Asks: 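A single structure is presented below for examination.
Everything numeric in this text was worked out from a predicted model, so none of it was measured. Labels below follow one simple rule: chain letters A, B, ... track the order of the sequence lines, proteins then strands, and each chain is numbered from 1. For the numbers below, each heavy atom of this structure counts, side chains included, while hydrogens, waters and symmetry mates do not.
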Amino acid sequence: MTKEETKSVLMEIVAQIIPDEDLTNLKGDIPIREQVELDSMDFLDIIMELRKRYGIEVPEDDYIQLATIDSSVAYLEPRMRDL
Amino acid sequence: MNRDWLKDTKSEYDVIVIGSGLAGLTCANMLAKGGHSILLLEHHYNLGGLATWFKRKGGHIFDISLHGFPVGMIKTCRKYWNPEIADSIVQLKGIRLDNPQFSLTTTYDSDDFKRVMQEHFKIPRETIDNFVSALRGMNFYDDQTMTTRELFENFFPGRHDIVRMIMEPITYANGSTLDDPAITYGIVFSNFLNKGVYTFQGGTDKIIGMMRAELIKNGVDVRTKCLVGKIGIEDKKIAGVVANGKMIKGKAVVSNGNLLSTIHKLVGDENFSESFIEEAKKVRLNNSSCQVYMGIKKGEKIDYIGDLLFTSEAEKFDSEELRSKNTTSRTFSIYYPQTRPGSDMYSIVASSNANYNDWANLSEEKYRASKEELIQRTLDALEKYVPKIRDKVDYLEAATPKTFQRYTLHLSGASFGTKFEGLKISMGLPKEILGLFHTGSVGIIMSGWLGAANYGVIVANDVDKFLS
Ligand SMILES: Cc1cc2nc3c(=O)[nH]c(=O)nc-3n(C[C@H](O)[C@H](O)[C@H](O)COP(=O)(O)OP(=O)(O)OC[C@H]3O[C@@H](n4cnc5c(N)ncnc54)[C@H](O)[C@@H]3O)c2cc1C
């Protein structure tokens, strides 16, 4: 998967989990939780979805790396490159 | 009549869930949706655990724990159950607090709370905003050394009236006191403050019925009247459970029973490391409850006096007074006919916090007399809000910590699981025994309908990881 594809997959998952939020103006370098309503259960849903769809395990210590869209893509890209 | 409640069970399941509280139910549902074979075992004849109800002659139905939950329950039901369940959740708008310090009505959502704090308690808007955002920013992994008392003292020094306003409802909701960590308060209070207090229209029987149907649709093998006596362990790994005397194999076991009885009774201390047992022994249980159920005669009406009334004659908030046997502090939940659309019945449930030990060791005669006293004192207090209440009721019953223990098997009838330290122990079980998990009210933040259901999801995720 390319970096672009990784990002679009991530955005699709986020959109599925918080369908009521408008994601069009989401900034990549600001924590997602500061821009839209995304609680800790929503965050866990993102982690679960990544595992279910792509078999990616994100250990709890790495959660912090998924704070913004940009940092998430940077974190996921090497793990999704071969998918 | 000895019916076999475990007739035709399979010889092995991926996961056996013990207990059908909201955490057990939600965990079972998520795992079944993930494609695992699930056996759900409940000792009572109804599912739901503390999310329960009972019927009495005269057409009365009483709900036990439907006083109210945070708006987050809508999302939780939509995501982990189905949209139909989520769609029946509605706001309760009339929250009343009445005590010697103040008397007011609020919806208890963020805007109205700020209004009350400004208009009634004369707190500057900035202080309120700072307080609310401090609570919003709290996470369970933050510093736990600050107590709730210290938090309040920082924002509202010396203001006992405000402490009562912001604490008393939470103490009823989860048994926490001013000595519990500020973060547990912050997380729970923010959840409520977000959009106020919500309920399930149709009653507890309806939501649990809908959940049961969903579980069956997703392939869960649901069994009631099945008491698990033992969790089987071989070589530090889960083997299965013994239910109604029958051994059933499972790759993983999730206990939704009381955390401490899961460890000490169902598994047994000998199966854990010494250091783990030492830590587990330090876990404190939360308090228990008393309730008085009042059925209003068919044809009688009650004028609207609010949905949830927090009442007390105590001079100020004191969690020990709240739990004491002669407390004057209680909440009244008024269930108008709208609770169950189509019905024309009213009922009132009074709840108070209680200590197990005040009730556990009474003689049969003393116990009965104490229950009667509780009922009479409750009616006296209710008279202020519903005049001539004694003429309107035709059914009265009381529950005590012993009742809660009998129906849910919680040690000491614990109503809200454990204090904060229980969370770490609950989450630590899989590291001690491969395939053993616990879900259910622990750590204050994982209790209540919302906390328990969400914890069920968190644990389902861990179990799914373990199985794959
Ligand atoms: C009086 C009262 C009022 C409340 N009001 C509210 C409220 O208004 N709003 C709110 O959000 N929360 C309320 N709560 C709290 C809320 O009800 C609980 O936190 C929540 O329902 C607990 O869910 P749970 O999953 O932890 O399990 P529980 O409800 O405790 O259920 C555990 C289940 O496991 C079963 N079980 C245990 N051991 C075994 C065994 N060995 N074999 C088989 N089955 C077993 C029990 O029978 C029970 O069904 C109230 C609680 C009480 C007591």
Asks: To the nearest 0.5 Å, tell me how far A:I17 CD1 sits from B:K75 NZ.
Replies: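 Rounded to the nearest 0.5 Å, the CD1-NZ separation comes out at 10.0 Å.
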
Asks: So which residues of residues 461-468 of chain B are in contact with chain A at a heavy-atom cut-off of under 4.5 Å?
Replies: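 Heavy-atom contacts from residues 461-468 of chain B to chain A are B:N461, B:D464, B:K465, B:S468.
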
Asks: I need the contact set between residues 19-28 of chain B and chain A: heavy-atom distance under 4.5 Å, sorted by residue number.
Replies: none

Asks: Need one label for A:D45: side chain, backbone, both or neither, based on atoms under 4.5 Å from any heavy atom in chain B.
Replies: side chain

Asks: I need the contact set between residues 425-448 of chain B and chain A: heavy-atom distance under 4.5 Å, sorted by residue number.
Replies: none

Asks: For the interface with chain B, which of A:M48, A:R51, A:E57, A:K52 has the highest count of heavy-atom pairs at distances below 4.5 Å?
Replies: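 Result: the option with the highest number of such pairs is A:R51.
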
Asks: Does atom CG (B:N139) have a neighbourhood of more than 12 heavy atoms from anything else shown, all under 6.0 Å?
Replies: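 Counting other residues, nucleotides and ligands, CG of B:N139 exceeds 12 neighbours.
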
Asks: Check whether more than 12 heavy atoms from other residues, nucleotides or ligands sit under 6.0 Å from atom NZ of B:K114, and answer yes or no.
Replies: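 Yes, enclosed.
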
Asks: Among residues 76-91 of chain B, which residues come closer than 4.5 Å to chain A, judged by heavy atom distances?
Replies: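 Under the 4.5 Å heavy-atom cut-off, B:R78, B:K79, B:Y80 qualify.
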
Asks: Rounded to the nearest 0.5 Å, what's the gap from CD1 on A:I47 to CD1 on B:I458? Could you check?
Replies: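 Between atom CD1 of A:I47 and atom CD1 of B:I458 there are 12.0 Å.
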
